[in-house]
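The structure displayed is predicted, hence computed values, not measured ones.
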Amino acid sequence: MRPRRSARVDPVLVQAVIAAALSFAHLHDLASAAGQDGWKAWAYPVSVDLLLVAAWRRLRSGRDRGAAWGWFLVALTASLGANIATAGLLDLQNVPAWLRILVAGWPAVAFLGGTLLAHAPEAVTEPGVQPDSPLQEPALTPEIAPTAPRVPPALVAHARKLADDHRVRTGAPIDNETLRTRLGVPAPLADAIAARL
């Protein structure tokens, strides 16, 4: 019978949950102070958090990273702004008109960002370039080798520990997909790390 593994609490995950809860409360308080009461005040932090998650997922997928970073920063600014505003720097009894306008306009911004992140095309062609029809032969273009991502030594050391643990538990070397999942990194970075193990 295999020994039972004790459940480990990930301190980073605990920290993330605490930070998310505090940020959620600050966004709620700010929306409420800006005139969005009842269920609307609760919807604001949900929309900010969902936009953060959608942008983060797009970043991890490795596709359209520019847009993903842009929307991630928009949502992070909304979250950080609420945290700072409710830290005593803003009189929540007398919210300025410009902040009421920003809060009122946020749902449209979040809807646009979430829609663009969730429904972005898989591949984007260059302007003026028509995709090849099935009857045309594709143009031969020289292959450009992508530059390998820089891998911090500490990340390689951590990956080595994961790989050793995987080998002890399963008796087989860790594959790139499992390594990518365990590290939570994009596939190109996982491949670069695996090459250094």
Side-chain angles (χ1 to χ4, degrees), residues 1-28 42-80 82-83 110-111 113-124 141-197:
M1 190 167 91
R2 293 177 63 182
R4 292 180 72 185
R5 292 180 48 156
S6 60
R8 292 186 302 170
V9 176
D10 184 350
V12 175
L13 183 58
V14 171
Q15 153 59 6
V17 169
I18 291 169
L22 289 171
S23 182
F24 191 95
H26 292 153
L27 282 159
H28 170 271
W42 292 106
Y44 274 84
V46 171
S47 72
V48 172
D49 289 346
L50 287 177
L51 186 58
L52 276 169
V53 169
W56 179 245
R57 287 183 58 132
R58 178 54 59 94
L59 280 170
R60 289 193 56 191
S61 76
R63 293 186 295 119
D64 203 10
R65 295 179 67 89
W69 270 115
W71 286 110
F72 185 81
L73 291 175
V74 166
L76 187 62
T77 300
S79 180
L80 187 58
N83 294 345
F111 177 77
T115 302
L116 291 175
L117 288 168
H119 299 291
E122 292 295 323
V124 178
T141 56
E143 292 261 340
I144 299 174
T147 57
R150 288 183 50 119
V151 182
L155 188 55
V156 174
H158 180 61
R160 220 172 251 125
K161 288 179 186 174
L162 292 176
D164 292 343
D165 177 60
H166 182 82
R167 185 182 295 275
V168 168
R169 285 187 299 107
T170 66
I174 195 166
D175 59 278
N176 288 14
E177 183 59 28
T178 303
L179 183 64
R180 185 193 72 74
T181 303
R182 295 283 307 272
L183 290 174
V185 297
L189 183 56
D191 292 342
I193 293 168
R196 297 187 56 182
L197 294 180

Asker: Which heavy atom of Gly113 sits nearest a heavy atom of Leu51, and at what distance?
Answerer: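 Nearest heavy atoms, Gly113 then Leu51: C-CD1, 3.7 Å.
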Asker: Test salt bridge (charged side-chain N to carboxylate O under 4.0 Å, His left out) on Lys161 and Asp165; report intermediate values, then the result.
Answerer: CA-CA 6 Å; Lys161 288 179 186 174; Asp165 177 60; over 6 Å; no
Asker: Between His166 and Thr178, is there a side-chain heavy-atom distance shorter than 4.5 Å?
Answerer: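 Thr178 reaches His166 side chain to side chain.
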Asker: Which residue in the set Leu117, Val53, Leu116 passes side chain to side chain contact (heavy atoms under 4.5 Å, CB included) when paired with Arg58?
Answerer: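 Among Leu117, Val53, Leu116, the one that satisfies the side chain to side chain contact (heavy atoms under 4.5 Å, CB included) with Arg58 is Leu117.
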Asker: Could you check whether any side-chain heavy atom of Val14 comes within less than 4.5 Å of a side-chain heavy atom of Ile18, counting everything from C-beta outward?
Answerer: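 Touching, per the 4.5 Å side-chain cut-off.
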Asker: Closest heavy-atom contact between Ile193 and Ala159?
Answerer: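 That closest heavy-atom pairing would be CG2-CB, 3.4 Å.
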Asker: Could you tell me whether Arg160 and Asp164 have a side-chain N and a carboxylate O separated by less than 4.0 Å?
Answerer: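 No, Arg160 and Asp164 are not salt-bridged.
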Asker: Where is the tightest heavy-atom contact between Val48 and Ala75, given as atom of each residue plus distance?
Answerer: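 Closest heavy-atom pair between Val48 and Ala75: CG1-O, 3.6 Å.
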Asker: Under 3.5 Å, is there a donor-acceptor pair between the side chain of Ser47 and the main chain of Tyr44?
Answerer: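 Yes.
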Asker: Keeping the roles fixed (side chain from Ser23, backbone from Ala19), state whether a donor-acceptor pair exists under 3.5 Å.
Answerer: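 Checking the backbone N and O of Ala19 against the side chain of Ser23, no donor-acceptor pair under 3.5 Å is found.
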Asker: Got a second to check how far Leu22's CG is from Leu27's CG, nearest 0.5 Å?
Answerer: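 So the gap between those two atoms works out to 11.0 Å.
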Asker: Counting C-beta onward and ignoring hydrogens, is there a side-chain heavy-atom pair between Arg60 and Pro186 closer than 4.5 Å?
Answerer: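 Result no, sub-4.5 Å side-chain heavy-atom pair not found.
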Asker: Quick check: do Arg180 and Glu177 have side-chain heavy atoms less than 4.5 Å from each other?
Answerer: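 When only atoms from C-beta onward are counted, Glu177 and Arg180 do touch, with a gap below 4.5 Å.
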Asker: Using the side-chain contact (heavy atoms from CB on, under 4.5 Å) criterion, which residues pair with Leu162? Sequence neighbours excluded.
Answerer: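 For Leu162 the side-chain contact (heavy atoms from CB on, under 4.5 Å) partners, ignoring immediate neighbours, are His158, Arg182, Leu183.
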Asker: Any chance you could lay out the side chain to side chain contact (heavy atoms under 4.5 Å, CB included) test for Leu179 and Asp191, step after step, and finish with the verdict?
Answerer: CA-CA 9 Å; Leu179 183 64; Asp191 292 342; over 6 Å; no
Asker: Hey, is CZ on Arg65 packed in by over 12 heavy atoms from elsewhere, all under 6.0 Å?
Answerer: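 Counting neighbours around CZ of Arg65, more than 12 heavy atoms of other residues, nucleotides or ligands fall under 6.0 Å, so yes.
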Asker: Over all heavy atoms of both residues, which pair between Trp56 and Phe72 is shortest? Give the atoms and the distance, please.
Answerer: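 Heavy-atom minimum between the residues: N-CD1, 4.3 Å.
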